[in-house]
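This report refers to the structure that appears directly beneath it.
Every chain is numbered from 1, with letters handed out A, B, ... down the list of sequences.
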There are 4 protein chains.
Amino acid sequence: MQSPRWQRRAEDRPREICAAALDVFTEKGFAAARLDEIAKRAGVSKGTLYLYFKDKEDLFRAVVRDTVAPNVGALRDAAMASELPFAAVANMFLSRFADLAQRLPVGAVAKMVIGESGNFPELAKVWHDQVAGPSIGLLAGLIEKAQAKGEVRAGDPRLHAFTLMGPMLMGVIWREILQPVGGAPLDIEALARQHSQTVLTGLLAESEQ
Amino acid sequence: MQSPRWQRRAEDRPREICAAALDVFTEKGFAAARLDEIAKRAGVSKGTLYLYFKDKEDLFRAVVRDTVAPNVGALRDAAMASELPFAAVANMFLSRFADLAQRLPVGAVAKMVIGESGNFPELAKVWHDQVAGPSIGLLAGLIEKAQAKGEVRAGDPRLHAFTLMGPMLMGVIWREILQPVGGAPLDIEALARQHSQTVLTGLLAESEQ
Amino acid sequence: MQSPRWQRRAEDRPREICAAALDVFTEKGFAAARLDEIAKRAGVSKGTLYLYFKDKEDLFRAVVRDTVAPNVGALRDAAMASELPFAAVANMFLSRFADLAQRLPVGAVAKMVIGESGNFPELAKVWHDQVAGPSIGLLAGLIEKAQAKGEVRAGDPRLHAFTLMGPMLMGVIWREILQPVGGAPLDIEALARQHSQTVLTGLLAESEQ
Amino acid sequence: MQSPRWQRRAEDRPREICAAALDVFTEKGFAAARLDEIAKRAGVSKGTLYLYFKDKEDLFRAVVRDTVAPNVGALRDAAMASELPFAAVANMFLSRFADLAQRLPVGAVAKMVIGESGNFPELAKVWHDQVAGPSIGLLAGLIEKAQAKGEVRAGDPRLHAFTLMGPMLMGVIWREILQPVGGAPLDIEALARQHSQTVLTGLLAESEQ
DNA sequence: TATGAATGAGCGTTCATTCAT
DNA sequence: AATGAATGAACGCTCATTCAT
């Protein structure tokens with residue numbers, strides 16, 4: 001009576017709700033996610049959600065943006081290393097991505113963005129404009145510079161960027177989608193290590209090149 | 001009066017419905033797809049759907065299976081070429097995949113499977129068991145054989161397979177998800193060509209290796 | 001080809017359909033009965049029903065009327081015996097009813113009429129006007145005459161008719177409704193025999209009267 | 001503005017809904033009853049029904065059970081009078097039943113149970129196990145005891161029970177089914193009075209016995 | 001005459017949203 | 001600020017009815 005149980009941490013509510021919502025949206029997708037369940041997992045009532053978010057879409061967007069945002073900064077830094085040899089930059093970039101994918105729900109967000117891209121094109125746009133586009137652009141830029149220096153072989157720099165990043169995306173998706181249904185476990189960091197070595201000097205044995 | 005309200009086309013109906021359903025499920029995802037719209041696009045009434053499919057889930061599964069199935073066969077063939085030099089096999093595999101991705105809605109199916117993997121784990125399983133798993137396994141096997149022959153450099157064959165295929169998956173997803181929201185257009189076949197050259201001999205210029 | 005299988009017995013169709021419909025309507029009631037099932041049990045297609053009956057209601061009414069009709073005649077006869085002593089008339093009436101209830105689906109029709117009286121008041125009306133009303137009226141008339149002759153004790157003749165017929169109706173309902181769910185089996189004819197004896201001279205032993 | 005769109009009345013809601021549902025189910029039967037109409041009569045929205053009942057069947061069962069239950073207790077008491085002369089017991093039993101039938105929707109429940117016995121055999125079972133079976137059993141037991149004391153004439157006690165109760169059931173059904181479609185009005189209590197007198201000492205005038 | 005594929009209105013049920021408490 | 005009972009629009013599914021064959 002005197003000290004209402006729920007007065008504590010009023011300003012953490014939005015975060016708690018977003019965390020619960022991320023889980024449910026990831027598991028079910030936007031349409032199949034139930035606000036009832038999000039509320040339950042967040043430990044609040046359904047009505048409370050509406051004190052912090054205008055509606056279900058607003059909550060969904062908030063979840064995606066809040067989870068995407070931190071990624072953006074983490075990638076910017078890699079750009080600064082552009083004076084190092086390309087091999088070192090590539091190594092760093094891949095291992096950094098692997099590290100990111102271990103700590104943040106990169107796979108979960110990818111899943112949501114991919115699955116709901118038809119219903120929420122703007123989220124795909126955010127992902128493109130803030131994450132995928134800049135990353136690819138950044139890489140392509142580094143590659144182009146390295147080509148100019150004679151470090152990297154000729155070819156469309158953007159396609160080269162796909163060669164570099166594609167396996168990492170595939171790894172993240174494998175973990176998120178196929179591993180839970182019986183796919184062989186995948187060590188993202190090992191993938192980053194082996195791939196960065198291999199892709200630089202080629203899959204073929206030196207004797208064959 | 002002039003044109004009969006409907007025609008008997010029992011044989012084509014299921015295909016027509018599946019085609020319409022593929023579109024709608026791809027655009028909206030399972031939960032947000034409306035049977036009304038699928039029916040409208042298929043040019044039939046809502047009730048007609050139920051003459052051929054038990055319910056919405058049944059239709060969804062049929063769509064995924066029917067679209068996944070053709071892919072399976074197309075990949076088996078690549079295995080036969082295993083006596084060729086690995087470089088040739090890899091080339092063929094990638095260009096074949098690119099070709100497949102041009103003609104079949106690979107991206108659309110991937111999108112559905114990824115987005116609904118939480119609600120339909122069995123579809124993810126089908127995709128894993130019949131498409132992704134075998135493909136990766138096949139590649140890994142070829143790679144292992146090539147390693148034994150000294151053609152391919154050391155390393156976990158499965159991770160090498162990711163190195164080989166990842167960029168193609170990324171390409172497909174880019175086209176399906178990001179290109180519609182402003183992503184730069186991507187030529188999958190050009191990607192296959194450049195990637196297969198690059199990945200075999202390395203991103204680095206020969207002088208650097 | 002030459003001799004179409006179904007040309008036989010074309011004029012029996014309505015009867016066959018009614019028989020199947022009686023079963024299904026009795027089991028399920030009007031609303032829950034499926035034309036599909038009636039057609040299947042009648043060995044015809046759904047469309048064929050519409051060659052003989054305007055719609056579902058029309059079929060229902062036909063079923064009830066066709067099954068009710070024969071009962072009517074069978075009861076008229078009992079009136080002619082009105083010169084016999086009342087005890088003999090009552091005996092005859094009850095045993096005739098028991099006989100009827102053995103051979104015709106009296107219980108089934110009663111069930112339908114009772115269950116659908118809200119939706120088909122006219123059927124209840126048919127039942128009242130052609131079956132229950134006349135029967136009760138007939139009995140009440142006989143009783144009144146017998147009272148005038150000093151054969152039957154004073155009292156409202158119609159209520160006396162309830163005393164006479166009620167147990168038979170209860171017997172029919174018991175068989176139709178409660179026996180299938182575990183009610184002890186009931187021999188309608190034994191009931192008719194014992195009841196007709198008892199009701200005439202009283203439940204109480206003679207020493208008690 | 002002036003009057004709130006709705007009020008919280010969690011405690012009364014189930015009862016109000018059941019009352020409305022009883023009316024509609026009685027009028028229409030289970031299948032033809034519309035939840036829209038039940039909700040309207042209960043003064044709530046359709047969705048509210050689902051706050052208190054799992055689905056339409058659950059509501060139906062609740063209605064029948066809640067309406068059957070009170071009857072059960074009311075009949076138990078009659079057993080205690082077993083030391084009185086049988087004539088007194090029978091009198092009491094019949095008048096008590098008539099009283100019950102005046103105050104409770106006995107006819108309505110009978111109608112529902114009879115009409116839906118095919119679709120809801122368990123309700124027929126409840127009715128048999130808790131109402132009809134015990135009542136008949138109770139009466140048969142009393143009759144058997146009275147026979148042992150020489151009060152009641154020989155014969156199957158259960159069939160005697162039909163002789164006693166049948167007219168009352170018929171009266172209830174008459175009122176519920178036939179009176180609304182033009183059947184002559186029936187005074188259940190008068191029926192109980194006259195029947196109990198008549199059935200004990202016989203329909204026949206004393207001079208005839 | 002007979003069929004059964006096709007229709008579409010209608011209902012049970014769900015769930016995002018509101019609002020009296 | 002927080003609740004959760006109440007709402008009602010919307011959707012999946014059914015099934016009586018129609019009609020091309």
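Atom CD in D:Glu37 sits about 15 Å away from atom P in E:dG10, given to the nearest Å. B:Leu49 has its CG atom 9 Å from the P atom of E:dT7, to the nearest Å. Rounded to an integer number of Å, the gap from C:Leu51 CG to E:dG4 P is 13 Å. Rounding to whole angstrom units, CZ of residue B:Phe53 and P of E:dA6 are separated by 12 Å. In this structure, the NZ atom of C:Lys40 is 15 Å from the P atom of E:dT3, given to the nearest Å. Rounded to whole angstrom, the span from the CD1 atom of C:Ile38 across to the C1' atom of F:dT17 amounts to 14 Å. Taking atom CD on A:Glu16 and atom P on F:dA1, their separation rounds to 16 Å, with Å as the unit. Between the CG atom of A:Asp12 and the P atom of F:dA1 there is a distance of 15 Å, rounded to whole Å.
Considering only side-chain N and O atoms, D:Thr48 lies nowhere under 4.0 angstrom from the phosphate OP1 or OP2 of F:dA6. One finds no side-chain N or O of B:Arg13 lying less than 4.0 angstrom from the OP1 or OP2 phosphate oxygen of E:dA5. When the side-chain nitrogen and oxygen atoms of D:Tyr52 are compared with OP1 and OP2 of F:dA5, none of them lie within a distance under 4.0 Å.
Separation of atoms CD1 (C:Ile17) and CG (C:Leu51) is listed at 8.0 Å; rounding is to 0.5 Å. Rounded to the nearest 0.5 angstrom, C:Lys111 NZ and C:Ile177 CD1 are separated by 5.0 Å. Here A:Leu35 contributes atom CG and A:Asp55 contributes atom CG; the two are 9.0 Å apart, rounded to the nearest 0.5 Å. Here CZ of B:Phe120 is found 4.0 Å from CD of B:Glu57. Values are rounded to the nearest 0.5 Å.
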Mind running side chain to side chain contact (heavy atoms under 4.5 Å, CB included) on A:Val109 and A:Val131 for me, showing each step along the way? CA-CA 11 Å; A:Val109 175; A:Val131 185; over 6 Å; no
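With a 3.5 Å ceiling on both atom-pair distances, the Watson-Crick or G-U wobble partner of E:dT13 is F:dA10. Nucleotide F:dA1: unpaired (no Watson-Crick or G-U wobble partner with both distances less than 3.5 Å).
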Once base and sugar-phosphate atoms are separated, protein heavy atoms under 4.0 Å mark nucleotides 9-14 of chain F, 5' to 3', with B, S and - as -BSBBB
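We find that A:Arg13 and A:Glu16 are joined by a salt bridge, their nearest charged nitrogen and carboxylate oxygen being less than 4.0 Å apart.
Using a 30° and 60° split on the angle between ring planes, C:Phe25 and C:Phe60 fall in the perpendicular class, above 60°.
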